[in-house]
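Notes follow the structure.
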Amino acid sequence: MVCLGNICRSPLAEGILQQKVATHNLNWVVESAGTNGFHVGEAPHKFSQKVAKKYGVDISKQISRQFFATDFDNFDKIYVMAKDVLDDVKKIAGNKFDENKIDYFLNELNENTNENVPDPWYGNEDGYEIVYKLIDNTCDAIIKNFKASKK
Ligand code: 4NP
C-alpha cells in the first residue's frame, strides 16, 4: 500500500486490510510505505488514527517508512493510491519496476478506471471519514476478487 507521506491513506489501507486478512485466515504480509519520505519515523496522522479507532482498527503503532525499489522483490502486489504516487514509484524502483505487480488501489473496486484515492492531507477531518470508507470498501473488494480468482 503506497501513498506519498505514509501517514494518511496507506496506513489506513495497511491496518484495514491486515484486519480483514486475519478474519479470512489468509496468510498475507501487508505493509505500507510512502514515496516522499517527509514523515519517515512518524505515527499516522491523528485523524487517520481517530477514524480507524472509531471503526475498531488500531493503526497507532505504525511508523512511516519510505518506499524502496526492493519492495518489488519482497511483495507480490504493490498498490498505489494515486497517479503521482505511481510516477514516484517508477522513479524509485528504476529497473526493478514491474508492471505485472503494480496497480491502482481503486482498480480493485472499479476495474481499469485508474482512479485516485483523494488525499485528505489537504482538507479537513471529514475527508478522513470519506477516505476510510473508500479504503474499507476497496479492501473488501481485494479479498472478494482474490477469492473469485481462485474458483
Ligand atoms: P498521504 O498524505 O500520502 O496520504 O500520507 C500526505 C501526507 C503528507 C504529505 C503529502 C501527502 N506531505 O507532503 O507532507
Side-chain angles (χ1 to χ4, degrees), residues 1-22 28-94 96-146:
M1 304 298 188
V2 190
C3 64
L4 295 174
N6 191 212
I7 54 165
C8 299
R9 293 166 292 178
S10 61
L12 287 172
E14 175 186 328
I16 293 167
L17 189 60
Q18 277 176 347
Q19 197 176 72
K20 293 184 194 297
V21 158
W28 298 354
V29 174
V30 182
E31 288 189 14
S32 65
T35 54
N36 74 19
F38 294 170
H39 298 272
V40 166
E42 293 178 21
H45 191 283
K46 64 177 182 199
F47 291 150
S48 284
Q49 290 196 43
K50 190 174 163 188
V51 71
K53 193 173 174 189
K54 176 177 163 188
Y55 291 105
V57 180
D58 179 9
I59 63 168
S60 65
K61 309 277 183 320
Q62 290 185 32
I63 296 169
S64 173
R65 74 150 167 103
Q66 191 143 24
F67 178 80
F68 307 120
T70 49
D71 286 320
F72 274 97
D73 298 325
N74 298 333
F75 292 90
D76 300 317
K77 193 87 202 181
I78 312 270
Y79 288 113
V80 290
M81 295 291 141
K83 169 74 166 67
D84 52 358
V85 179
L86 176 60
D87 292 341
D88 285 349
V89 163
K90 280 183 183 162
K91 278 186 217 143
I92 292 168
K96 286 199 183 285
F97 186 80
D98 184 347
E99 196 75 56
N100 297 315
K101 286 191 172 182
I102 197 149
D103 203 359
Y104 284 83
F105 178 71
L106 286 184
N107 279 352
E108 292 278 0
L109 192 65
N110 303 315
E111 214 180 336
N112 297 323
T113 51
N114 296 353
E115 291 169 314
N116 299 326
V117 177
D119 194 344
W121 174 255
Y122 302 102
N124 59 23
E125 189 174 353
D126 295 349
Y128 289 78
E129 175 90 24
I130 293 163
V131 160
Y132 184 94
K133 287 180 177 155
L134 187 58
I135 291 175
D136 188 47
N137 287 337
T138 306
C139 289
D140 281 335
I142 287 174
I143 291 181
K144 184 167 149 254
N145 296 340
F146 172 75

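Indexing begins at 1, ligand by ligand and atom by atom, following the structure's order.
Using a 4.5 Å cut-off on side-chain heavy atoms (C-beta onward), Asp119 and Tyr122 make contact. Counting heavy atoms from C-beta outward, Leu106 and Tyr79 have side chains that stay 4.5 Å or more apart.
Contact check on Asp136 versus Lys20 returns a salt bridge, with a Lys/Arg side-chain nitrogen under 4.0 Å from an Asp/Glu carboxylate oxygen. Under the 4.0 Å criterion applied to side-chain N and carboxylate O atoms, Asp140 and Lys144 are not assigned as salt-bridge partners. Taking the charged nitrogens against the carboxylate oxygens, Lys83 and Asp88 have no contact shorter than 4.0 Å, which rules out a salt bridge.
Each of Cys3, Leu4, Gly5, Asn6, Ile7, Cys8, Arg9, Asn36, Phe38, His39, Asp119, Trp121, Tyr122 has a non-hydrogen atom positioned under 4.0 Å from some atom of ligand 1.
In summary, the side chains of Asn107 and Asn112 do not present any donor paired with an acceptor at a separation below 3.5 Å, with no hydrogens or angles considered.
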